[in-house]
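A quick write-up on the structure given underneath.
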Amino acid sequence: MTNIRIIPCLDVDAGRVVKGTNFVDLVDAGDPVELAARYDAEGADELVFLDITASSDRRDTVYELVRRCAEEVFIPFTIGGGVRTVEDARRLLREGAEKVSVNSAAVDNPQLIADISNEFGSQCVVLAIDARRQPEGAEVPERFEVFVHGGRTPTGLDAIGWAQQGEALGAGEILLTSMDRDGTRDGFDNVLVRAVAEATNIPIIASGGVGSLDHLVAGVVEGGADAVLAASIFHFGEHTVAEAKAHLSSAGIPVRPVS
Amino acid sequence: MSPSSEKTAPKVAVLDYGIGNLRSAQKGLERAGANAHLTADLEEVLEADGVVLPGVGNFGRCVDALAAHGVDTIARKAASSGKPFLGICVGMQLLFDGSEESPEHSGLGIIGGMVRQIPGQVKRPQMQWNALHQVRPSPLLTGLDGAWLYFVHSYAADLDVTASSSVVTATCDYGGPVVASVQQDNIFATQFHPEKSSEAGRKLLTNFVDLCRGGTDGA
């Protein structure tokens, strides 16, 4: 029923793509806007920019990124990282972002989800959840705990319950990252994805661990994801978005064809 | 119309009433060949060759924002002026009599009918790319039957697609046919976001800009 979206994710620090990419034909491989335009041309369905700039000039660099993107990228893009207030969201949306994602700030203040959703609509609020498996204890079964601050800080929150609370508060979508799998290239944690997808009725973006095109298929078939996010397999030229779409399509998964 | 005048950029007024993502609509129209500007000024709007009413988020909040900026009156005047008028997403929904999303708010009533929640056992919002099924000819949709566009919405116009008087020009399939675009004389509207729909969206906006030039060039 759902046409599955393929979403490249770009980590951006002070206006530059972190770790770079190795597209040899890009003029500036560290320019997120040039890379984003490339993904648009390749058939990416959406983009996520995760701004990890720590310095105090963060705001200026991210707004500049959004302004330039609005001129050169004509697919929806989400900005995450450092969105802490309704005013942060207002400016990012006004400059051209389709959605904003909230993570740590929403854990600190869940009302932030409702405030942004009420102001601009649920379709522009993505709740980003970083979850980690917590082993079975003497009295508790294995569970998924929400972590914040880049996966370093445990919150005590159960990821499934937090996803449900986020939906109830007005999130329009959940970007669900397995911190156990992130960077491993072992594939999504599809048990986690399935658990959250079944507990909610909003789209789920599976994230964390993609190392092959089969992993994208598994996120949909085993995890029940509505969209699949990946970074390195695209950035380092191992696979194009078009190849990913062809692979999903050959597995019987509906995708927007690459024109 | 002479070939030289076809190359000039028509002026398109994007109605600015303080909501959401107007810059994308403006940039998308510019990419399609328009001289697009954001405005809530009646004279500027009436001087333009075409008018776009964007909209995102909650129907009632958009109705309130239209009224607060006086853009409800401007939109009605622009729609009745005969110049090409394009509503996008909630900007489409605002053209109808009202929406189930905010029963206490009235729409602009420019096109008859109501907006209701997408029916059936589907995830809401529909947040995906989907294929257009054209059901009636419309110059806005030239070359776009079967094209994929980006949708994000939980509500849609509730119209009888099959009635001979229907304004529906295209549907998409989301648990059944969902109204994707309409045309009533000079008034066009899309539930999807052409400004976020890559090349297919550019084609649609180019069709609109051609209409603003005073007709298609026959290409």
Side-chain angles (χ1 to χ4, degrees), chain A residues 1-6 37 39-47 66-77 89-90 92-100 116-126 167 170 172-173 197 200-205 224 226-227 254-259, chain B residues 16 18-32 38 55-62 65 89-90 101 120-131 146-155 172-176 192-205:
Chain A
M1 167 96 54
T2 302
N3 300 312
I4 301 301
R5 291 167 285 149
I6 295 184
Y39 284 135
D40 176 355
E42 272 189 3
D45 296 310
E46 287 186 29
L47 296 168
V66 175
R67 270 195 295 277
R68 288 185 53 223
C69 246
E71 294 182 5
E72 296 182 39
V73 178
F74 295 91
I75 55 176
F77 62 92
R90 184 191 310 280
L92 292 166
L93 297 171
R94 177 94 191 165
E95 297 286 3
E98 184 74 16
K99 313 175 194 178
V100 295
I116 298 175
S117 181
N118 290 336
E119 189 72 17
F120 309 109
S122 62
Q123 84 292 334
C124 73
V125 190
V126 181
E167 177 181 7
E173 192 171 32
T200 57
N201 192 40
I202 51 178
I204 307 297
I205 306 169
D226 299 277
V255 293
R256 172 175 68 115
V258 177
S259 51
Chain B
D16 183 358
I19 54 94
N21 183 349
L22 299 172
R23 193 174 162 83
S24 300
Q26 181 189 12
K27 293 297 166 191
L29 287 158
E30 287 175 356
R31 187 171 74 139
L38 309 180
V56 294
N58 177 275
F59 182 89
R61 285 194 74 91
C62 284
C89 196
V90 178
E101 185 177 15
Q121 296 293 314
V122 293
K123 286 196 180 187
R124 285 177 288 268
Q126 169 177 216
M127 187 180 283
Q128 63 170 0
W129 294 72
N130 210 340
W148 289 67
L149 286 304
Y150 183 78
F151 290 78
V152 49
H153 64 124
S154 297
Y155 296 81
C172 66
D173 180 20
Y174 194 62
F192 50 86
H193 284 272
E195 77 283 13
K196 289 287 184 183
S197 294
S198 201
E199 281 306 308
R202 171 165 39 191
K203 186 175 283 184
L204 184 140
L205 291 174

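Below, chain A is the first sequence line, B the second, and so on; all start at residue 1. Only this structure's heavy atoms are used, side chains among them; waters, hydrogens and symmetry mates stay out.
- Taking every heavy atom of both residues into account, B:Arg23 and A:Glu95 meet most closely at CD-O, 2.8 Å.
- Here A:Pro76 is the residue among A:Pro76, A:Gly121, A:Ala70, A:Ala41 with the most heavy-atom pairs under 4.5 Å with chain B.
- Taking all atoms of both residues into account, the shortest heavy-atom contact from A:Gly96 to B:Ser24 is O-OG, 3.4 Å.
- Only the backbone of A:Val255 comes within less than 4.5 Å of a heavy atom in chain B; its side chain stays farther off.
- With B:Lys123 as reference, A:Asp226 is the one residue of A:Thr2, A:Thr200, A:Asp226 to meet the side-chain hydrogen bond (donor to acceptor under 3.5 Å, both in side chains) rule.
- A distance of 15.5 Å separates CZ in B:Arg124 from CD in A:Gln123, rounded to the nearest 0.5 Å.
- You'll find the side chain of A:Asn118 stays beyond 4.5 Å of the side chain of B:Asn58, heavy atoms only.
- Within the 4.5 Å cutoff, the side chain of B:Trp129 has heavy atoms near those of the A:Asp45 side chain.
- In terms of non-hydrogen atom pairs under 4.5 Å with chain A, the most contact-rich of B:Glu195, B:His193, B:Met127 is B:Met127.
- Only the backbone of A:Ala97 comes within contact range of chain B, with at least one heavy atom under 4.5 Å from a heavy atom of that chain.
- Using a 4.5 Å heavy-atom cutoff, the side chains of A:Glu71 and B:Glu30 are not in contact.
- Within the cation-pi definition used here (under 6.0 Å to the ring centroid, within 45° of the axis), B:Arg202 does not qualify as a partner of A:Phe74.
- Annotation for B:Leu22 and A:Arg94: closest pair CD1-NH1, 3.5 Å, computed over non-hydrogen atoms.
- For the atom pair OH (B:Tyr150) and CG (A:Asn3), the distance works out to 12.0 Å, reported to the nearest 0.5 Å.
- When side chains are defined from C-beta on, B:Lys196 does not count as touching A:Glu46, because their heavy atoms never get closer than 4.5 Å.
- Nearest approach of B:Pro125 to A:Pro203, heavy atoms of both residues: O-CG, 4.2 Å.
- Across B:Val122 and A:Asn201, no two heavy atoms sit closer than the pair O-ND2, 4.0 Å.
- Side chains of A:Lys99 and B:Val152 form no contact here, defined as non-hydrogen atoms less than 4.5 Å apart.
- At a threshold of 4.5 Å between non-hydrogen side-chain atoms, the residues B:Gln128 and A:Arg256 do not count as touching.
- Contact of B:Leu149 with chain A is not made at all, since no heavy-atom distance falls under 4.5 Å.
- Heavy-atom pairs under 4.5 Å with chain A peak, among B:Arg31, B:Glu199, B:Gln26, at B:Arg31.
- The pair B:Lys27-A:Glu72 does not meet the salt-bridge criterion, since no charged nitrogen lies less than 4.0 angstrom from a carboxylate oxygen.
- In this structure, chain A has heavy atoms under 4.5 Å from both the backbone and the side chain of B:Ser198.
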